[in-house]
Every structure is written in structure tokens, then in C-alpha cells.
Amino acid sequence: MSEPDTPEAEGASPDREDFVREIVKADVASGAVRNVVTRFPPEPNGYLHVGHATSIVLNFGIARQFDGQCNLRMDDTNPAKEEVEYEESIVTDVKWLIAGWADHCLGLKPRGAVSASAAGDYHMPAALDGAEGLEPFRASDYFEALHAYAVRLIGKGVAYVCDHTADEVDRMRGAPGEKGEESHWRYRPVAENLDLFARMTAGEFPDGARTLRARIDMASDNVWLRDPLLYRIRHAEHHNTGASWCVYPLYDFAHGLSDYIEGITHSICTMEFVPHRALYDWILAALDLPRRLPHQYEFARRNVTHTVVSKRKLLRLVNEDRVSGWDDPRMPTISGMRRRGYPAAALRDFATRIGVGKRENRAEFGLLEHCVRENLNHSSLRRMAVLRPIKVVLENYPEGQVEHFALANNPEDAGAGTREVPFSRELWIESEDFQEVPPPKFYRLHPGNEVRLRGAYLVRCTGVTRDPATGAVVEVRATYDPETRSGNAPDGRKVKATIHWVSAAHAVEAEVRLYDTLFSAEDPEDLPDGGDFTGTLNPASLEIVRNCRLEPALGDARPGQALQFERVGYFVADDRESRAVSLVFNRTVTLKDAWARIEKKQGR
RNA sequence: UGGGGCGUGGCCAAGCGGUAAGGCACGAGACUUUGGAUCUCGCAUUCGGAGGUUCGAAUCCUCCCGCCCCAGCCA
């Protein structure tokens, strides 16, 4: 089959074929669907996380591939759990994730609620691109429409007001495998239902006193078809509609109709909603709607090792101060990953690589890191930073002399230019780059050995200076070869290692935060009986290193700018914590470390 | 014990009756002024299991096994 799809803005992740795309493609080919419209409908009761990211990439990716659109919608039908703070973070995160990739597919709407057409249809298509004052769609902007649809259902005799208590309803629904019991009010006359529903809406009854239910089949094998609840009474203010309502629709009633109102063609959700599909279809079919009906398709939620994505658990981490907040760089939230320095394109690449399927899955965290490294290798500025400094004195380098070396900002990208790095007699090097007694295969600095100082000279270690009291090495002594300026020896001799350095006199100090996975366990939720997931929290997930010595160019690092501290890892200045007095850098991800593997093999 | 979904290498995942893609991880080597990057090579005689249909089965049929979801007035 020919592939009309165009090459990607980011060559690494072409839109992949998956079962959802196959369905969409077939619908377009058959003419069943003309304009593809998907939607991303989070409930604003928490911050978006990696799982949402994969859903965003799927939904916007499809919109993008088929020249359609993807509506951002707040699924805000529960006034008790939702907040504007979350809504704002969701908009920010979605825009950030799709920026430069699918912005043109983002479906938004003008302010305000839907209203009915003359024919009584409720339709709210996305606003034209570039229109003023757009905002996300909101299920709460359909409350009026939803209510009208509920009244129609009552009028058709397929919905009724039920007076049973919550406990009774639960009990009468019956367990899977047995039949349910019909409500005493199941055959209430239409007029009485209409009156009661109006009075529920008017606030005559307390919370929980009555509900509106669909009359479907109490004997169904599918428990979601056993007269599901459509509306409940909640005397609560809603963050969008204020005190206008005291009855609120439930998910199953609101969702399919919201899809219909927006003209969604493919409503993609996760596997746990498979049993709900029959209800989704029932509601839409029962209303005799004039326009094409949306359809629901389900895929398996994507999981990642060493983390959790349940909102309840993420909320606990925040509330119990296990992390500094929703955007703690260790959090699997989009805002956390952004703050940690993960590029949006890397997240999209990750989502594309793990694919879309119906199987349970848990992608390795290492794959996410791979995607981040691959992106950053091409985009980050190289800098030198010594995290745990030890001083090296070049015995034969003139005191007071300063040279400047022009080092490439990115060897992978000649266009990135160079910057000047000062060099002098006293330097800081990484303490782990010096070993007084070198282990096997250790090519870096040790007495008698010669190494290259990146972009500068070859130096040979001549010895150490010790603290007379403790005997500890306080300083490494070395000589440099003036003939090796810029790193090559005229006699052609080779060194096996290149190490990074910072001129002591010119160094900038900073604090660096090293992150590891938040949880030690691959699956933090796979617990021995009765255990709590916080028990698998990684005690070493954050290490703060102070008094790091950085090359001067890092003194004015711009927050958000991707950096590679050569030989150490990728970093980003923290826009929240950095102050003039002490810069703070977050480690995005380490560089791959072949030496660590050798050490491991050597059993150390 | 009802209904539904799913089982392809360590992880993810193509495959849609014609003889097991790809990525990550891992291993070996080359190259290297980042022990980074890059490059090369290796890595499932077999697709949860057992039968059957077929010239031919991961793909079709039957039975079995395993895992997950569903009894919120949450989404």
C-alpha cells in the first residue's frame, strides 16, 4: 500500500503504522470519514504525565497525519475533584509537547458554552486557526446541552429518576456473573420523571437523594448496561460553571455526547473503557442524532519502568513531600520532565518508538533515556564542568599566564560555533579522573601517565601533594608539553584518555543536582502483600553536589538551554532555583559510561 | 464459577496462510581530542501449550493454560 504520509520534521520518528491508524486510514479510504477529528480529554485533577504524553502523541499524531485536528478538552464533570491550577498546567504541557510539530492541529474553541441550533442539534466545532481568545473545550460547557439530551432520553422513555440510595443501587446492580435487580422506580411514568428531574435540577433534593438512570438491561452480562447512572445530585460549585448546577452528568453520559458535539470521529481511550463502549454506543444511538456518530477505540496504557503514573499515587508523592512538587525533575509528569531537561521531541520519539497496542506493557526507562540522549547529542552546547574538583598544578606553566582556547560548541554541529575557554597554571579536574593507584584499564591521570586536557595540552602526572596531617592527596602535580598546544603531539605519540578541566582562577561555582530513578523497583506497584509503593522509593534519587567548578561560559547559562557537560552528562540550568549567587543545574541524563561497565565487569 | 481484553527474544514491537522486520538492552570489533558520538558484526529453527486443517500455520479451527479489566452517585 502506498504511503501518502510525508517525511517528518524530526527524522527520528516517522508516524508509525498501528492498529488505530489502520482504522482511521480505512475510514478515510472508504469515505466514511472526511475530516479526521480526535481529542485529548484529560480530567483537570492532576498534572499530565508520560502516559498522557503517549496519548497526546497518538491523538495529535493522527490528526497531523490525516490533516485533521485534535481537540483539547477538559473532562470536567466532577466539581469535587477539579481545579483551575490543573487546567492551566494541562494547557501549558500540551502546547509544549506539540510545539513545532502539531500546533496547527490543536483544536480550541471560542469562550462560552454550546447552544442549540434551530433544529435542536448541539454542535461546537473547533474554531478557525488563529482566532482570538480561544480556550480548551470543556465538558462543562456542554452542561446545558447534556441536560437537554437527558430530558430527551426521559421523553423517549429510556431514562428514569431512581430514588434508591447509593448502597441499594450498588447491591441491586449485582455482581458479575449474576443478574441485577430492577429499581423500584424503573417504570415511573415519563411525566413524573420529567418533573422529578426538573426538581433535582432546581435543587429541591439533597446530594445522593435521587439519580437519573438509563433503562437498559439489568440482566446484561455487561454490568455497565445494568441501568447505568447518568446524573447525580451534587450541591457543589464547579470551577467553570460556578453555582449554576447542582446536578452533574457522569462520565459515560457526558463523554460520548461531548465527542458528538465536537464532531469527533475517532475517540481513542484506554483499555479499561472497553466494557463502556456498549454504553457509549447505546447513549448515542438512543438519541437519534442528526450528524455522524463518533466511535470509541481503545489501546493499552503505556507504562514505564521505575515509575508510577496513577494520579492518586503521584498526588501522594506531592502531598507527602516525597518530591518537591508536581514538576520535581524526578517526577514522570510532563512538567517534571521538562524541568529535568527532556526535550519535547525526545518524548515524542519515545512515544513513537514504544508504539501503540493492546498488550500490557512496561517500556524500559533506558529507552526513554536513549531518546533523550539521541536528541541532546545533536542539540546541546558542550561545556566543561568539574563536579567533584581536585586541583592540578602544572609545574612548568608560567605563573600568571593565561591562554584562551577556542572549543567547539558542538562537534556534531559545525554551525554551532566555538567559545573561548581560559587556561592557566592551576586547574580543576574531576577527582575521579585521577587515581594514585590506577586499577587495570584505567587510562586517565595517575603518576607517570600522560593524558590530554580536552582542547588544550598533553600533561603528565609527576606526583601529588599531601596533607601533612592526614596524608590525603590535596593536589596533583603535573607538567605540560608546550609542543602539544590544542592537543596533538608533534612526535605523533598517543594518549589513551582525554579529560576535562576548568581554570581555577576563572571558574564559576554552582550547585548540581544529580537524579536517578524515583523508584528502585522496575514496577513500584508490584508489591508483596500489603506493601506500600512508597517503600520502593529510591533513596538515592537525588544527590546534590555543591561547589562544582564550571567554565566561565556557564556563568550566564540560559534556563532551558540544553547543555552537555563533556564526559559527564546532559544538564540544564534550573529556572526555578538558580540565583545570581548560586547557579543550579539539573542533570537531565548521564552520558553512556563505558568505564562504569568495565568497572562492573571487574567486580568493583 | 459472568462478560470483555491480551499472550512473538531481557524490554517494546512488526507480522493479516508462503517459510520470524525494526528499535532499546546486551556481546564482540573498528574508529575517536568526550571511555560520548559514529560504524561493523552477533543476538527467536521459533511465535503461551496441545491437537487439527493445509503442499505450507505466529497467522485458520478446537481445546487447554496464563495475565489483565469490569460490581464509584470517579474518570
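Each chain gets a letter, A, B and so on, in the order its sequence line appears, and its residues count up from 1. Values below: every heavy atom of this structure, side chains too, minus hydrogens, waters and symmetry copies.
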Find the distance [X]:[atom1] to [N]:[atom2] and express it as a whole number of Å.
X: A/K358; N: B/A14; atom1: NZ; atom2: P; result: 12 Å
X: A/Y570; N: B/U34; atom1: OH; atom2: P; result: 13 Å
X: A/I598; N: B/A28; atom1: CD1; atom2: P; result: 10 Å
X: A/N361; N: B/C12; atom1: CG; atom2: P; result: 6 Å
X: A/N449; N: B/G35; atom1: CG; atom2: C1'; result: 14 Å

Can you tell me the Watson-Crick or wobble partner of [N], both distances under 3.5 angstrom?
N: B/G17; result: none
N: B/C41; result: B/G27
N: B/G7; result: B/C65
N: B/G2; result: B/C70
N: B/C60; result: B/G52

query: B/G72 and B/C65: how far apart are their P atoms, nearest whole angstrom?
result: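 Per the computed distance, 29 Å lies between those P atoms.
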- request: Mind jotting down which residue pairs meet the salt bridge (Lys or Arg N to Asp or Glu O under 4.0 Å) criterion with at least one end in residues 268-279 of chain A? Sequence neighbours excluded, please.
  value: A/R277-A/E298
- request: Please determine if A/E262 and A/R73 form a salt bridge, counting it only when a charged side-chain N lies under 4.0 Å from a carboxylate O.
  value: yes
field: Electrostatic pair A/R353:A/E374 at N-O distance under 4.0 angstrom
entry: yes
Set of side-chain contact (heavy atoms from CB on, under 4.5 Å) partners for [X], sequence neighbours left out:
X: A/R587; value: A/L514, A/F571, A/T590
X: A/S267; value: A/R39, A/H255, A/D259, A/I264, A/Y280
X: A/A214; value: A/I216, A/P228, A/L230, A/W282

- request: State the syn/anti category of B/G72 according to its glycosidic angle, syn meaning within 90° of 0.
  value: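 Here the answer is syn: the torsion falls within 90° of 0.
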Would you please name every residue forming a salt bridge (Lys or Arg N to Asp or Glu O under 4.0 Å) with [X], sequence neighbours left out?
X: A/R210; result: A/D163
X: A/K313; result: A/E525
X: A/E182; result: A/R186

- prompt: Within the structure, does a side-chain N or O atom of A/R359 lie under 4.0 Å from either OP1 or OP2 of B/A13?
  reply: yes
- prompt: Between A/R362 and B/C12, is there a side-chain N or O to OP1/OP2 distance below 4.0 Å?
  reply: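 Answer no for this pair, as no side-chain N or O of A/R362 is under 4.0 Å from OP1 or OP2.
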Would you indicate what [X] reaches in the nucleic acid, counting non-hydrogen atoms under 4.0 angstrom: base, sugar-phosphate, or nothing?
X: A/V356; answer: sugar-phosphate
X: A/F19; answer: nothing
X: A/E22; answer: base
X: A/K441; answer: base

query: Are any of the side-chain heavy atoms of A/L591 and A/Q564 separated by less than 4.5 Å?
result: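 Result yes, sub-4.5 Å side-chain heavy-atom pair found.
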query: Tell me, for nucleotides 68-75 of chain B in 5' to 3' order, what letter each nucleotide earns: B for a base near a protein heavy atom under 4.0 Å, S for only sugar-phosphate near one, - for neither?
result: SSSBSBBB
So which protein N/O to nucleotides 21-26 of chain B N/O distances come out below 3.5 Å?
{"unit_1": "B/G23", "atom_1": "O2'", "unit_2": "A/R353", "atom_2": "NH1", "d": "2.7"}

field: Side chain of A/W595 - closest among B/G35, B/A28, B/C12
entry: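 Closest of the options to the side chain of A/W595: B/G35.
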